[in-house]
Each structure stands twice: as C-alpha cells, then as structure tokens.
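From a predicted model like this one, the values you see are computed outputs, not experimental measurements.
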Amino acid sequence: MGAGRPGRYVGVDEAMASIPDGARVLLGSGCGVPRHLAAALADAHERWRRLDIVAGYLFEPLDLFAHAGSPFSITSLHPTPALRGIDPAHLRTVPLRYGDLPLALGPDGVLAPDAVLVQVSPPDAAGRYSLGVSVGGLVDAVRPAPLVIAQVNASAPYVYGDG
C-alpha cells in the first residue's frame, strides 16, 4: 500500500467483516464520501448489533440511513438536508468548529473512531495514496485509527500535502 502504513487489498465483504460490533466508524465526507463502502455498510447491516456512524458534511442521504437505529446510530458533525428523514432518536448532531476536529477525532478525542472509511486516489509512482480534495479533519483521524478502510476512486485527484 502506501509508505508509512502497512495494508493489503481485500474485497468489500472482508473489509466489512473487519469492523467490530459496537465500533465508532468515521466516514469521509463532502467530496470524499466513500460511497461504495457506505453502501456496503448498509448491505451488511445485519452483521452488527450497533455501530455509531460519524460523518461530516453530506450532500446526499446514504443508504445506511434506512437502518438508523438497527444497527446504526448517526452522529453528524455538520447538519445538512441529507439527514432529513432520520428518526431523531437515532441522530445526534455535534457541531464543531473546523479547528476542533483534530482534537475530537484524535486518539483521545470524544469522537475518536475505531475505524475510518475513506476514498483515496489511485497511488502515485511511489505507491502513496491521497485523500483527494476532502481532507479536512480526516487526516488527524486516519493517522492514529486502529482500522482504516480505503476505497480507491479512479476519479479522485492525487493532492499533495498532508492528506
């Protein structure tokens, strides 16, 4: 995989099986939503009794919203119209200033994820991937996360820098 973090290519079923029941799962947001992985969570919803899904800005509803409460609880960092229709009993909003994301999503943060699902660009010549144009506070969650599952998106641009 990329420099600095060991990894391997797996199918989506194996990737979903690696997410433990009761985990807090951070999804890439904005232009970086890993749509295939989010759909795979919805498809595999019977695998878990409970998962806390944390997401930032969403442009569109996700398939997994149909399973809010069983097993998914949804935590939104940026309330948007995409969240309409989710039963408020299974939706929590935690609006944060952008500068607070590294603390909240970091290893000791109140929303520290057990797993992070992201989309990445294809690798560059050195085998490094990029989080593309939606890095935000995501990079501070990816680095220390116990589990990172990345969906390679051929349309995601390789963007140089921390992401």
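- Val110 is connected to Tyr98 through a chain of hydrophobic side-chain contacts under 4.5 Å among Ile, Leu, Val, Met, Phe, Trp and Tyr, so both are in one cluster.
- Residues Leu51 and Gly22 approach most closely at CD2-N, 4.0 Å, considering heavy atoms.
- Counting heavy atoms from C-beta on, the side chains of Leu105 and Asp140 never come closer than 4.5 Å.
- Two residues are said to be in side-chain contact when any heavy atoms from C-beta on lie closer than 4.5 Å; Leu41 and Trp48 meet this criterion.
- The nearest pair of heavy atoms linking Ala39 to Asp63 is CB-OD2, 3.9 Å.
- Exactly one residue among Val54, Leu117, Leu58 makes a side-chain contact (heavy atoms from CB on, under 4.5 Å) with Leu27. That residue is Leu117.
- A donor-acceptor pair under 3.5 Å is absent between the side-chain atoms of Gln151 and the main chain of Val33, judged by distance alone.
- In this view, Asp21 and Arg49 satisfy the salt bridge (charged side-chain N to carboxylate O under 4.0 Å, His left out) rule, not counting sequence neighbours.
- For the atom pair CG (Leu131) and SG (Cys31), the distance works out to 13.0 Å, reported to the nearest 0.5 Å.
- Note that CG of Leu37 and CG of Leu62 are 11.5 Å apart. Values are rounded to the nearest 0.5 Å.
- Side-chain contact between Asp52 and Ser73 is present, with at least one heavy-atom pair separated by less than 4.5 Å.
- Note on Val94: it clusters hydrophobically with Leu101, by side-chain heavy-atom contacts below 4.5 Å among ILVMFWY residues.
- Side chain of His67 to main chain of Leu64: no donor-acceptor pair is present (N/O by atom type, distance under 3.5 Å, no hydrogens or angles).
- A distance of 10.0 Å separates CD of Gln119 from CZ of Arg35, quoted to the nearest 0.5 Å.
- Residues satisfying the salt bridge (charged side-chain N to carboxylate O under 4.0 Å, His left out) criterion with Glu46, sequence neighbours excluded, are absent altogether.
- Val10 and Val116 end up in different hydrophobic clusters when Ile, Leu, Val, Met, Phe, Trp and Tyr side chains are linked at under 4.5 Å.
- With contacts defined as side-chain heavy-atom distances shorter than 4.5 Å, the pair Ile19/Arg47 does not qualify.
- Interatomic distance, Leu138 CG to Leu26 CG, rounded to the nearest 0.5 Å: 6.0 Å.
- The minimum heavy-atom distance between Pro122 and Ala154, with the atom names listed, is CG-CA, 3.8 Å.
- Closest approach of Tyr158 to Tyr129, counting heavy atoms only: CE1-C, 3.8 Å.
- The CG atom of Leu103 sits 9.5 Å away from atom CG of Leu96, with the distance rounded to the nearest 0.5 Å.
- Here Leu77 contributes atom CG and Ser29 contributes atom OG; the two are 7.5 Å apart, rounded to the nearest 0.5 Å.
- Note: His78 and Tyr57 have tilted aromatic rings, judged against thresholds of 30 and 60 degrees for the angle between ring planes.
- Val133 and Val142 fall into different hydrophobic clusters, where Ile, Leu, Val, Met, Phe, Trp and Tyr residues are linked whenever their side-chain heavy atoms come under 4.5 Å apart, directly or through other members.
- Judged by distance alone, with hydrogens and angles left aside, the side-chain atoms of Arg24 form a donor-acceptor pair with the main-chain N or O of Ala112 at under 3.5 Å.
- Without hydrogens or angle criteria, Ser130 side chain to Ser121 main chain gives no donor-acceptor distance under 3.5 Å.
- When all heavy atoms of His90 and Gly69 are compared, the pair lying nearest together is ND1-CA, 3.2 Å.
- The closest side-chain heavy-atom distance from Arg128 to Tyr160 is not below 4.5 Å.
- Contacts of Asp100 classified as salt bridge (charged side-chain N to carboxylate O under 4.0 Å, His left out), with partners at least two apart in sequence or in another chain: Arg97.
- Here the shortest heavy-atom pairing between Ala82 and Glu60 reads CB-C, 3.4 Å.
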